[in-house]
2 protein chains.
Amino acid sequence: MASGRKKAFNESQALEAAMHVFWSKGYVGASLSALTDSMGINKPSMYSTFGNKEALFIKSTSHYVESQMKPHLQHLYQANVPLLTRIKNYMLSIVSMQFNEESPKGCYLVLCQSELAGGEVPEAASELLQELDDLPKVVIADLLNSDSEAKQLGLDTRSNEIALTLYTVLKGSASMARSGIAQEQMLPVVDNVIAGLATRH
Amino acid sequence: MASGRKKAFNESQALEAAMHVFWSKGYVGASLSALTDSMGINKPSMYSTFGNKEALFIKSTSHYVESQMKPHLQHLYQANVPLLTRIKNYMLSIVSMQFNEESPKGCYLVLCQSELAGGEVPEAASELLQELDDLPKVVIADLLNSDSEAKQLGLDTRSNEIALTLYTVLKGSASMARSGIAQEQMLPVVDNVIAGLATRH
DNA sequence: AAGATTACGTACTGATAGGTACAATAAGCG
DNA sequence: CGCTTATTGTACCTATCAGTACGTAATCTT
């Protein structure tokens with residue numbers, strides 16, 4: 001049984017390229033032509049490989065979460081590092097990604113999610129965004145609930161509140177990155193907020 | 001000299017309607033058809049009255065700033081109210097607008113500004129957004145620099161840093177509003193951050 | 001009432017959106 | 001080599017985008 005002509009492009013490289021286009025233009029702003037141009041393929045190849053624009057977006061979003069979001073989580077579980085330092089390192093690591101010169105500024109999810117309420121993003125993609133976007137908040141809350149140091153500091157009794165506070169700052173930071181301020185300005189902001197946590201009971 | 005047929009619509013009501021469409025869909029997502037439908041007029045009327053889509057957007061954005069942003073600033077200058085309480089009232093007032101059921105969730109400026117980096121918004125409109133978006137940050141920094149109570153609390157020496165911190169939280173809150181959480185969850189976040197300011201020197 | 005002036009409604013423009021039909025090309029298998 | 005299978009490029013589809021031409025309707029001044 002013949003197996004046909006080989007693909008002339010690398011599927012995961014094409015997905016990476018698509019991710020960058022969605023990241024900089026959003027779901028609505030990323031046209032198929034812009035996508036396929038950056039991916040280095042033409043439209044029929046894109047449709048046969050990924051399905052359609054929405055399916056491409058879903059694969060691209062999953063790739064973003066795996067390659068850009070999850071790696072930062074390791075900072076939260078470093079052995080022999082104080083809890084607040086771990087949280088700070090995690091946040092600084094994400095901020096540093098938001099301001100990275102080699103990829104679009106800000107957060108892919110924030111950008112695309114802002115289009116949700118306008119009904120511009122298809123339902124299935126919209127649900128995925130909603131779900132993925134909660135990830136950091138849930139992880140931080142879980143950490144605060146289970147970490148022994150968090151209990152000593154009395155942070156476990158208001159874990160959801162604190163997780164939401166930190167998460168709100170991260171989202172705000174993504175907005176600030178988009179608006180063009182310098183990364184150095186955000187660092188003391190993270191310091192301030194984390195220091196504020198420690199001084200309450 | 002004859003003065004012609006009267007307009008069959010109210011110009012400022014039409015602008016208000018356009019503002020809500022941009023607010024919920026963003027600049028790119030708001031199509032002329034959606035705009036004129038909501039405004040209750042047809043396209044030639046829109047073009048003769050406002051110029052084009054970009055000019056309408058600029059007028060709509062100015063209207064947003066005047067009607068939705070500036071009114072909150074009064075909280076910052078209430079007599080006989082402690083500084084941190086004034087700031088807290090200001091922030092809660094904005095958060096409450098972001099979650100208001102009668103208008104789109106989140107912040108008009110955050111939404112539209114997220115499209116900037118993708119080059120989807122025309123230059124002139126883009127510059128206006130950039131400028132207006134700094135307003136709250138500048139106002140808070142100025143307040144911290146001039147207020148006598150701020151000096152007593154030692155907040156004047158890091159006014160820019162604090163203003164940026166508060167502003168980042170407001171932007172984050174706008175994102176959270178878009179993603180659908182309940183307003184009550186944001187209130188302790190504002191509390192946390194402001195309390196954190198007070199406990200540092 | 002006549003004429004000038006302005007707004008309105010319909011119907012259109014060229015460009016681009018997402019998506020596809022189809023013929024040509026390249027690979028594996030016998 | 002010939003057959004089958006899969007990918008590629010071009011050229012097209014319909015719908016919608018921002019924007020406009022033009023004839024009709026309404027209001028003013030004289």
Side-chain angles (χ1 to χ4, degrees), chain A residues 1-15 17-19 21-22 24-61 112 115-116 118-126, chain B residues 1-15 17-19 21-22 24-61 112 115-116 118-126:
Chain A
M1 52 187 85
S3 68
R5 183 175 176 172
K6 291 291 176 64
K7 277 193 167 67
F9 63 97
N10 179 301
E11 196 165 326
S12 66
Q13 279 176 9
L15 190 59
M19 177 188 81
V21 177
F22 283 126
S24 79
K25 294 173 181 286
Y27 182 80
V28 180
S31 73
L32 269 183
S33 307
L35 285 164
T36 51
D37 280 1
S38 289
M39 297 166 86
I41 64 181
N42 43 36
K43 290 194 270 186
S45 296
M46 185 262 136
Y47 276 89
S48 71
T49 305
F50 300 99
N52 59 13
K53 186 181 178 182
E54 179 176 8
L56 175 64
F57 177 70
I58 289 180
K59 289 191 176 71
S60 157
T61 304
C112 295
E115 301 171 334
L116 290 187
E120 306 286 333
V121 178
E123 184 107 16
S126 150
Chain B
M1 49 188 87
S3 67
R5 180 176 176 173
K6 291 289 176 66
K7 277 194 167 67
F9 64 97
N10 179 299
E11 196 165 324
S12 66
Q13 280 177 8
L15 191 58
M19 177 188 82
V21 178
F22 282 125
S24 79
K25 294 173 180 287
Y27 181 81
V28 180
S31 73
L32 269 183
S33 307
L35 285 164
T36 51
D37 281 359
S38 289
M39 296 165 86
I41 65 182
N42 43 36
K43 289 195 266 186
S45 297
M46 185 263 136
Y47 276 89
S48 70
T49 305
F50 299 99
N52 58 14
K53 186 181 178 181
E54 179 176 9
L56 175 66
F57 178 69
I58 289 180
K59 290 190 175 71
S60 157
T61 303
C112 295
E115 300 171 332
L116 291 187
E120 306 285 333
V121 178
E123 184 107 15
S126 150

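For the pair A:Pro122 and A:Tyr27, the minimum side-chain heavy-atom distance is below 4.5 Å. Between A:Lys25 and B:Val28 the shortest side-chain heavy-atom distance does not fall below 4.5 Å. Side-chain contact between A:Phe57 and A:Cys112 is present, with heavy atoms from C-beta onward closer than 4.5 Å. Contact check for A:Thr49 versus A:Lys7: side-chain heavy atoms found under the 4.5 Å cut-off.
Neither OP1 nor OP2 of D:dT5 sits under 4.0 Å from any side-chain N or O of A:Ser3. OP1 or OP2 of C:dC8 has at least one side-chain nitrogen or oxygen of B:Ser45 nearer than 4.0 Å. Between B:Lys6 and D:dT27, a side-chain N or O to OP1/OP2 separation shorter than 4.0 Å is absent. Taking 4.0 angstrom as the limit, A:Asn42 places a side-chain polar atom (N or O) nearer than this to OP1 or OP2 of D:dG9.
Nucleotide D:dT10 holds its C1' atom 16 Å from the OH atom of A:Tyr47, rounded to whole Å. Protein atom CD1 of A:Ile41 is 13 Å distant from nucleotide atom C1' of D:dG9, rounded to whole Å. The interatomic distance linking A:Phe9 (CZ) with C:dT25 (P) rounds to 20 Å, in whole Å. When rounded to the nearest whole Å, the span between NZ of A:Lys7 and C1' of C:dT25 equals 16 Å. Between the CG atom of A:Leu32 and the C1' atom of C:dT16 there is a distance of 11 Å, rounded to whole Å. Remark: C1' of C:dT16 and NZ of A:Lys25 are 14 Å apart, rounded to the nearest angstrom. A:Asp37 places its CG atom 14 Å from the C1' atom of C:dA17, with the value rounded to the nearest Å. The interatomic distance linking B:Phe22 (CZ) with D:dA18 (C1') rounds to 12 Å, in whole Å.
For C:dG19, its base sits under 3.5 Å from the side chain of A:Lys43 at one donor and acceptor pair at least. For A:Arg5 and C:dT25, a side-chain-to-base donor-acceptor distance below 3.5 Å is present, hydrogens and geometry of angles not being considered.
B:Ser33 comes within 4.0 angstrom of sugar-phosphate atoms only, judged by non-hydrogen atoms across all strands, and of no base. Nucleic acid contact class of B:Ala30 (heavy atoms, under 4.0 Å, all strands): sugar-phosphate only.
Considering only the side chain of B:Pro44, D:dT20 comes nearest among D:dG19, D:dT8, D:dT20.
A:Ser38 places no side-chain N or O within 3.5 Å of a backbone atom of A:Leu35 that could act as its donor or acceptor partner.
Comparing B:Gly51 and A:Gly40, the nucleotide of DNA chain D nearest to each residue sits closer to the 5' end for A:Gly40.
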